[in-house]
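The next block holds one structure in the form of structure tokens; read it before the comments.
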Amino acid sequence: GFAMEGLKDDWLFDSLYRYERLHMFELPHSTRCLEWADRDGTSLYVGGFSDKHTNEIEMLELPEALQPQGLENVCAHTDFKITCGGLTKPPITAIKCVSDMNVVATAGTETCVCLWMRDPDNTDLLTLHTSLPLRNDQSIASSRPVLLDHTPDTPSWLLGAKTAGSATVWDLNSNLPISLPIHTHGAGSSSSADHSPLHGIKFVGPQLCVVCSGKDIGSLVLWDLRSPTVAAQAQVPCSTPHRDKTQVTTTSFALSVDRATGRVVVLSAQGEVSVFEARKLGTALCSCTLNQGQKQSYTGGGRFSGMRTTAAANLCIEFSCSGTKVAVSGLTNGVSIYDTGSWSSSTQEVSPMFTHTGHEAECPGAVVLTHTWHPVFADTVLSADSEGNLHAWQWKSQLDK
């Protein structure tokens with residue numbers, strides 16, 4: 001239900017006119033992961049990321065008001081319901097549900113990926129099934145989080161990586177890594193490219209991956225998992241080096257893929273965004289700067305003030321299900337929606353069509369850690385912050401005009 005305490009009266013009053021749907025919940029812990037457990041959007045996974053306490057992975061069933069059958073009816077259940085869960089010591093910074101294999105994968109800063117399964121004798125319990133080590137794990141910096149992805153084109157495949165050189169694809173039928181001829185570095189020194197920061201790695205089609213890595217200047221590379229040569233031919237810059245780097249302490253990037261159209265969007269911590277066609281990375285379809293507004297800051301003082309939150313870790317951009325919009329968090333204390341349909345090769349700066357500021361209103365200083373689009377409801381976003389608050393919201397369509 002609604003968490004009224006701490007809300008600014010003027011923001012709450014204003015929300016009546018700005019939102020078609022608005023639900024505000026309080027989780028038992030903050031989370032960096034919002035991973036859908038099904039294609040209908042009825043349940044999702046969350047995971048704790050404390051480096052001081054035991055963490056939980058939980059599957060939450062959405063309240064009836066956020067499910068199709070509840071839209072036209074009075075809803076008896078107005079809060080999330082924990083369907084099942086499990087305990088783990090390492091922080092969880094990534095979750096990927098492989099529903100066709102009845103497996104949930106989690107990862108953090110360890111050099112492995114954990115596979116969880118629902119206990120057949122106790123369906124309320126998620127049990128750790130096995131751990132899968134990354135390749136070249138002896139040479140991986142321990143502070144980098146593991147990134148995960150899965151493709152419905154090959155239901156049993158799971159992709160995990162800390163760096164380009166550690167990228168591993170497992171076949172979950174056997175839990176063994178697949179022997180792939182991928183050339184895991186771009187042009188230049190293989191050692192420096194293999195171990196440079198990895199910001200995003202996503203399947204963009206059957207056996208095709210797009211990889212974003214780099215330090216001061218990002219690079220975007222297309223891997224064909226059947227060929228050892230494609231990666232070296234598709235490296236492109238994702239940031240303009242002349243911009244002022246003093247705004248942030250670490251240059252970082254976020255990556256999203258629209259599999260339906262094959263488009264890739266890359267966001268830098270400086271607010272620069274570029275859209276590419278995955279198979280033609282040499283030239284961006286458009287590159288522009290987001291009008292960011294207030295910079296992100298974190299003052300702490302809430303339930304989870306001991307959590308480490310940095311702009312680099314929080315940067316997130318996601319295509320909507322229709323591929324016509326992107327949602328952005330990590331640049332400000334809110335979640336901003338941009339209409340990519342209005343962008344062109346001549347676009348230089350864009351302003352958001354809507355910004356959700358409810359996290360800051362509910363708990364001043366709270367930082368949005370992650371967000372995701374609802375897979376069924378159009379223009380509906382779920383976002384989670386550093387104080388354990390989870391918001392589900394849809395803006396009113398007339399605000400677009």
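Heavy atoms only: backbone and side chains are in, while hydrogens, waters and symmetry mates are out.
The CG atom of Leu255 lies 10.5 Å from the NE2 atom of His199; values are rounded to the nearest 0.5 Å. Rounding to the nearest 0.5 angstrom, the gap separating the OG atom in Ser322 from the CG atom in Asp258 is 8.0 Å. Residue Leu390 holds its CG atom at 6.0 Å from CG of Leu34, rounded to the nearest 0.5 Å. Taking CE from Met117 and NE2 from His129, the interatomic distance works out to 5.5 Å, rounded to the nearest 0.5 Å. Rounded to the nearest 0.5 Å, atoms CZ (Phe319) and CZ (Arg259) are 12.5 Å apart. Atom NE2 of His23 sits about 9.5 Å away from atom CD of Gln394, to the nearest 0.5 Å.
Between Tyr338 and Leu290, the shortest heavy-atom contact is OH-CB, 3.6 Å. Heavy-atom minimum distance, Leu148 versus Gly160: CD2-CA, 4.0 Å. Considering every non-hydrogen atom in both Met59 and Ser43, the closest pair reads CG-CB, 4.1 Å. Smallest separation of non-hydrogen atoms from Trp395 and Asp379: CZ3-O, 3.4 Å. A pairwise comparison of heavy atoms in Leu267 and Cys316 identifies CD2-O, 4.2 Å as the closest pair. Residues Leu222 and Leu281 share a closest heavy-atom pair of N-CD1, 3.6 Å.
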Pair Asp171-Ser156, side-chain hydrogen bond (donor to acceptor under 3.5 Å, both in side chains): steps then yes or no:
CA-CA 5 Å; Asp171 186 341; Ser156 64; 3.0 Å; yes
Apply side-chain contact (heavy atoms from CB on, under 4.5 Å) to residues Val265 and Thr340 and explain how you reach the verdict.
CA-CA 10 Å; Val265 62; Thr340 60; over 6 Å; no
Show, in sequence, the C-alpha distance, side-chain angles and deciding distance for Thr355 and Thr357, and conclude whether the side-chain hydrogen bond (donor to acceptor under 3.5 Å, both in side chains) test is met.
CA-CA 6 Å; Thr355 297; Thr357 57; over 6 Å; no
Taking it one step at a time, do Leu132 and Leu172 satisfy side-chain contact (heavy atoms from CB on, under 4.5 Å)?
CA-CA 10 Å; Leu132 307 177; Leu172 298 185; 4.1 Å; yes
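In this structure, Ile82 and Phe80 have side chains that are not in contact, with every pair of non-hydrogen atoms separated by 4.5 Å or more. A 4.5 Å side-chain heavy-atom check between His29 and Asn55 finds every atom pair outside the cut-off. Using a 4.5 Å heavy-atom threshold, the side chains of Val273 and Cys288 count as touching. The closest side-chain heavy-atom distance from Trp36 to Trp373 is not below 4.5 Å. Between Asn314 and Val368, the closest side-chain pair of non-hydrogen atoms is not below 4.5 Å. The shortest side-chain heavy-atom distance between Trp170 and Leu134 falls under the 4.5 Å cut-off.
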Mind listing the side-chain donor-acceptor pairs of residues 83-104 below 3.5 Å, one per line with the distance, residues two or more places apart or on another chain?
| from | atom 1 | to | atom 2 | distance (Å) |
| --- | --- | --- | --- | --- |
| Thr93 | OG1 | Ala107 | O | 3.4 |

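In this structure, His371 contributes its side chain and Val381 its backbone to no donor-acceptor pair below 3.5 Å. The backbone N or O of Phe203 sits less than 3.5 Å from a side-chain atom of Asp149, completing a donor-acceptor pair.
Residues Ser342 and Asp339 have side chains that never bring a donor and an acceptor to within less than 3.5 angstrom of each other. Checked by atom type, the side-chain pair Thr151/Trp157 shows no donor-acceptor distance below 3.5 Å. A donor-acceptor pair shorter than 3.5 Å can be found between the side chains of Ser346 and Ser344.
Residues passing the side chain to side chain donor-acceptor pair (under 3.5 Å) test with Ser383 are His359, Trp393, sequence neighbours excluded. With sequence neighbours left out, His150 forms a side chain to side chain donor-acceptor pair (under 3.5 Å) with no residue at all.
Annotation for Glu349: atom CD counts as buried by contact number, over 12 foreign heavy atoms lying within 6.0 Å.
Note on ring orientation: taking the six-membered ring where Trp is involved, the planes of His356 and His391 are perpendicular (angle over 60°, cut-offs 30° and 60°).
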